[in-house]
Each structure stands twice: as C-alpha cells, then as structure tokens.
Amino acid sequence: MFRFLFTRIILIIPTFFGVTLLTFALIRLVPGDPVELLVGERGIDPARHAMLRAELGLDKPLLAQYAIYIKQLIGGDLGHSIVTKEPVLNEFLALFPATVEISVCAILFALAVGIPVGIIAAVRRGSIFDYASMGLSLTGYSMPIFWWALLLILLFSVNLGWTPVSGRISVLYYFEPATGFMLIDSWLSGESGAFRSAVRHLALPSVTLGTIPLAIVARMTRSSMLEVLNEDYVRTARAKGLAPWRVVVVHALRNALIPVVTVIGLAVGVLFTGAILTETIFAWPGVGKWLVESVRRRDYPVLQGGVLLVAGVVMLVNLLVDVLYGLINPRLRYQR
Amino acid sequence: MAVPGAAPHPLLEFWGDFRRNPGAVAGLAVVLLMTLIAIFADTIAPHEPNEQYRDALLLPPVWSAQGSADFILGTDDIGRDILSRILHGARVSLSIGFLVVTLALVTGVLLGLVAGFARGVLDIFIMRSMDVMLALPSLLLAIVIVAILGPNLINAAMAVVIVQLPHFARLTRAAVINERAKDYVTASRVSGAGVTRLMFITVLPNCMAPVIIQGTLGFSTAVLDLAALGFLGMGAQPPTSEWGTMLSNALQFIQRAPWVVTFPGLAILLVVLAFNLLGDGLRDALDPKLKR
C-alpha cells in the first residue's frame, strides 16, 4: 500500500511541473507585450517600462525566468490580479469554497439518485424501467448543461417561482463568512430563513452540475451490478436463503461500488468543466466564473495562477481517489 | 463469393451486429439526416440565417396563437428566423466537428504510434505531455488556448483539437503496445519489414477499432465543447449561426421568449445524443470481447 502510494506521488510530480511550464508559457504566448499584460497598463513610458521589466524579471534569460517563477510558486506567490490588485492565491481561496460547495452537492445528488436507479435497472434487467432509465442516462450524459440550466431556470424559476436565478443567498441576509460554505455559515448565523434561502439558491446549480455525473453513476452502477450479480458468492448468498434485498444491497452492492468510486474520481475534471458553465449561468461566485471573467477582462495573472491551482486540485483529488480505491479494494492493495 | 459454411465478410458481420442495436441505428439515422441538412442548408432553410425581419421581432413559433407560418420556430430578438439559423448551425457544428475530430485523430494516432514504437525517452516525453494536457479540465484547457489565440470559431476548433488529441494518443499507444508483442508482428519483422511498414501497414490497421469508436464519441464532445465555448463568447462570434452562440445571450429573453432558448439547445442535444448512440453501437459491434 505504501509503495503504491509512493509511486503515485512520484508520478504526479513531473505532471505538475509540466503544468507549470504551460502556465509559465501562457503569458509569453499571448500576443502583446508581457509587461503590459502583467501590469495591465497600456502605453507605458519607456523608463517605467524598463523598470517594470526588470522588476518582473523579464530581462533575464528564459530559463532564469522559469526558475524565478518556480521559486515564487513555492513561496506561495502566484502574482497579483491586474483588476483588483489582490494576490491571486487570496482570491482563489476566497472563491474556492463556493465551487466546492456546489460540486459536493452535485456529487451527492448524483450518488443519491444514480446508485438506486442503477441498482434497480440491473436487478430488473430488460424491464421498462431499465430501458427508460438507461435512455434517460444517455440523454443526461449528452446534455449541453448550459442549455439544461436555462431549461431548469425556465421551469423552476420563471414558471413555478420556486427558486432564485442567481447568487448564493438572498441579499436580505448578511453575516461574516466563517467557513466559506454558505450552507454551514447560514446555519451558524442563526438568522431565521437564512439557511432556507441558501438551500433554495443551491438547488438548481447543484442539479445542473450533477446531471452528467448522475448519468455516469447510474450507467456505471448498473453495469458493475450486472457483473457482480453473476458471481458465485452472490449465488451462494441467495442459496443460503437470504432476503433478495439483502443479497443485492449488502453482498452485491459493496463490490459493485468499487468501479463507481473510480469513475467519480475521474469525473472531477468533468465536474470542473461543468462548474465553469454552471457558475457563469447562475452568477455563482466560484472559481469557474472567476476564470471565465479573467479571460474576458484580459486579467492574465489570474488566469495563469488559477489554471495552475485548478490543475493542482484536480491532480490531488485524483490521487486521493486512487488511494481510496486501494483502501476499499483489498485485491489491489496486496498485488505485487 | 460466399462459400457455404464460411465466415461472412467482416463488414457484413459487423453490419449484422450493428443492426441489432436499435439505438445505434437511430443514432446513425439522425447523423445522416443532420449531415444532409448541413449540406443542403441553403436550399431547405426558408430564410437567410442573418436576415433581420424588423417587423417580426421575437415572434413565437407557428403553433402558438401569435405565431406565423413564415417563421415556423419563431424569430429572435432582432427578427431572424430561428429555424433557418438552426439549419445553418448544423453546417457549422458538423463541419467544424468533423475538422476537429479528423485533426485530433490523425495527430493523436501518429503520436501514439510513435510513442508505442519508440518507447524510451521519446515515449516518456510524448505521454507525459499528454498527461499534462489531461490534468486540466477539458473546457479550462480550451479556454486557456482561446485566451492565447483569441476568440473565434477556428481558434476554438484548434483548442478542442488539442483537448481531444491526448485521448487518441493514449488509446493508440495502448493498442500498439498490445499488438506489437503478437506473433504476426514478429513474423513480419523477421521477414524484413521496416519500422515504417510495421507501424502503418502491419500494426496500425489492427489498432483502429478503439480509435474509430473514440472518434465517434469524440465527435459528440467536440460539438458539445464548441457549443460551450460559443455560449461563453469564446467560440464562434455573432452573427454566425452557431448553436452555442445562439444561446449566449438568450438568458435575458427566457421570460418573454422561451423558444429562443429551447430550440438551439435541442439541436445540440439531438446531435450529441446521436453520436453517443452511434459510438455505443460501434463499440458493441466492433469489440470482439463483447461479441462472443
């Protein structure tokens, strides 16, 4: 297990350095003068230009520039936003909980609906429920979620008036953020109605973002259940006279869920792609919306730092999933 | 000539397997229909896609009370016929999607083939580069590339090519490594075949099944990613009748004119779903492990 973990960590390091090369190159590949791009001023006078150039280290050879970049990264310095002048890392840390909040809710939604649907579809293979749910899953998997979000807004916000269209909580409530997670903060604030408001704001973005993972989880649960249900130990459990639900839920499901865990881990990238779109549509103040706006405002330091941080988070989550996979799947742990 | 008792021609056998999957056949039918629409968009569209009918702004579809038979799916905020724009949008999505998948497939397969054959440093270099590209969420990588190149349809297409390429490279490399160890390759090498011949004539054809499946599924992600970039204002620019771009400022009309929002998205969903069904069908028909 330790060796397995060790090799995984060793493998992640060169990839991460590759990403730093990409973000390092980013500013230098964008057409235009890197000094103006980094400082956000146009038509700087030559003396100031030369000063800034030296200050940003752009007068040094490329390799030295990269070394400085890496040194700064290790010191936690990811540059400053051109627009707000704030350190990129601080902005990221302030917005990141909002993205984690919808992502976690989306995954929980996907699991809560997808696993039962997958189980029932597998147990009743060939039934109308099986065909209907798998047809719907493929539709969900093919869904352009920015359009899906608009349809959900049309139904639940415009026609039914159940949910708000944007933001994390009603402007009526204000409290100091304690954790950055609106559900927890609004609960802790003790203001009556604040938690309800936060839930109502969270509902549509979570469902939007959770739709593709839901489709993946349902399909994966079904196919891995079908495989497991044919195994000898399931037949043994049935032969012992156990209740059918007990065979399915206790004996079969435990093994069937192993591939589902991996799929969820691999879905982190998919989830962030979705978060970019979902946050943009619902004006959800998270990392995805922040990065899209940084491109629109030509705030390249934010894009540069943000991309690196997102890539780092995605890699870490994938590593965690690998470790988790090793923990829940003893067969893998004892290999080699 | 068919000999009784002999195995059927592989293509016939494939078609027999494929035909038994109603979803795949439906997917194929939609793909063919959309291709026809894309080719003949000029002829079948009732209006010019960018023609503005100033006296018919935000007209609802024909089946609602205020609808007009002139504009079957209604008009948008500057009086353009939505049906005509969607039909022309099929041309944009399918042609750019085809371009993207072809470029990604050719470069990805070449890289995978080289990595699988060369092994050593070159292999490590190619595959680590692919890992870096896969470490970023696909849309984020595409956004970064568009931020460098500038927002327009061709740059968005290039971005999607780069996003898709690692999948083809990985798949091909895995298949190549698997095939290389087989006896027929050794036999070919022993008979004096050069590396190029081994790569392209001996091994590559046997690696194509997963690549073809990935190509079909890649078409659906290409259409989806291009529409997402268009929606974010980083792909096709107005007034191009691209499906995602058509939705980009639709949110403001959602209350007054839901049809402006509904139909372009439906078109995207239909095409993406069709390619996914087709890809699933191809996988079932081409994968020998599932077959027997």
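Numbered from 1 within each chain, the chains take letters A, B, ... in sequence-line order.
Ranking B/Val146, B/Leu136, B/Thr221, B/Val223 against chain A, the residue ahead of the rest is B/Leu136, based on heavy-atom pairs under 4.5 Å. Per-residue heavy-atom pair counts under 4.5 Å with chain A were compared for B/Val271, B/Ile145, B/Leu266, B/Ile268, and the maximum is reached by B/Leu266. Options A/Leu151, A/Ile276, A/Ile145, A/Val165 differ in how many heavy-atom pairs under 4.5 Å they form with chain B, and the most are formed by A/Ile276. Most heavy-atom pairs under 4.5 Å with chain A, from the set B/Gly23, B/Pro151, B/Pro137, B/Gly244: that is B/Pro137.
Rounded to the nearest 0.5 Å, atoms CG (A/Leu26) and CG (A/Leu21) are 12.5 Å apart. Rounding to the nearest 0.5 Å places CE of B/Met34 at 8.5 Å from CG of B/Leu87.
For B/Met234, the part sitting under 4.5 Å from any heavy atom of chain A is the side chain, from C-beta outward, and nothing else. Heavy atoms of A/Leu22 lying under 4.5 Å from chain B belong exclusively to its side chain. Using a 4.5 Å cut-off between heavy atoms, A/Leu291 contacts chain B through its side chain alone, with no backbone atom that close. Contacts of A/Leu11 with chain B are made by both backbone and side-chain atoms, with heavy-atom separations under 4.5 Å. Only the side chain of B/Asp280 comes within contact range of chain A, judged by heavy atoms closer than 4.5 Å. For B/Leu149, no part lies under 4.5 angstrom from a heavy atom of chain A. Only the side chain of A/Tyr300 comes within contact range of chain B, with heavy atoms under 4.5 Å apart. Heavy-atom distances place no part of B/Leu134 under 4.5 Å from chain A, backbone and side chain included. Only the side chain of A/Val158 comes within contact range of chain B, with at least one heavy atom under 4.5 Å from a heavy atom of that chain. Neither the backbone nor the side chain of A/Ile12 comes within contact range of chain B, judged by heavy atoms closer than 4.5 Å. The contact between A/Val310 and chain B is made entirely by side chain atoms (from C-beta outward), counting heavy-atom distances below 4.5 Å. Both the backbone and the side chain of B/Ser138 come within contact range of chain A, with heavy atoms under 4.5 Å apart. Heavy-atom distances place both the backbone and the side chain of A/Met143 under 4.5 Å from chain B. Both the backbone and the side chain of A/Val19 come within contact range of chain B, with heavy atoms under 4.5 Å apart. For A/Leu150, the parts lying near chain B are the backbone and the side chain together; criterion is any non-hydrogen pair under 4.5 Å.
For B/Glu242 (side chain) and B/Ala236 (main-chain N/O), no donor-acceptor pair under 3.5 Å exists by modelled atom type. Distance alone, capped at 3.5 Å, is enough to place a donor-acceptor pair between the B/Gln237 side chain and the B/Gly235 backbone. No donor-acceptor pair closer than 3.5 Å links the side chain of B/Asp76 to the backbone N or O of B/Val260. Between the side chain of B/Trp243 and the main chain of B/Gly265, no donor-acceptor pair closer than 3.5 Å is present. Counting only distance, with no hydrogens or angles, the side chain of B/Thr75 and the backbone of B/Leu58 share a donor-acceptor pair below 3.5 Å. At distances below 3.5 Å, at least one donor-acceptor pair connects side-chain atoms of A/Ser223 with backbone N or O atoms of A/Met220.
Note: A/Tyr69 and A/Phe24 have tilted aromatic rings, judged against thresholds of 30 and 60 degrees for the angle between ring planes.
Here the closest heavy-atom approach between residue A/His201 and residue A/Ser166 is recorded as CD2-O, 3.2 Å.
Using a 4.0 Å cut-off between charged side-chain N and carboxylate O, B/Arg173 and B/Asp123 make a salt bridge.
If you check the side chains of A/Thr15 and B/Asp131, you find no donor sitting under 3.5 Å from an acceptor.
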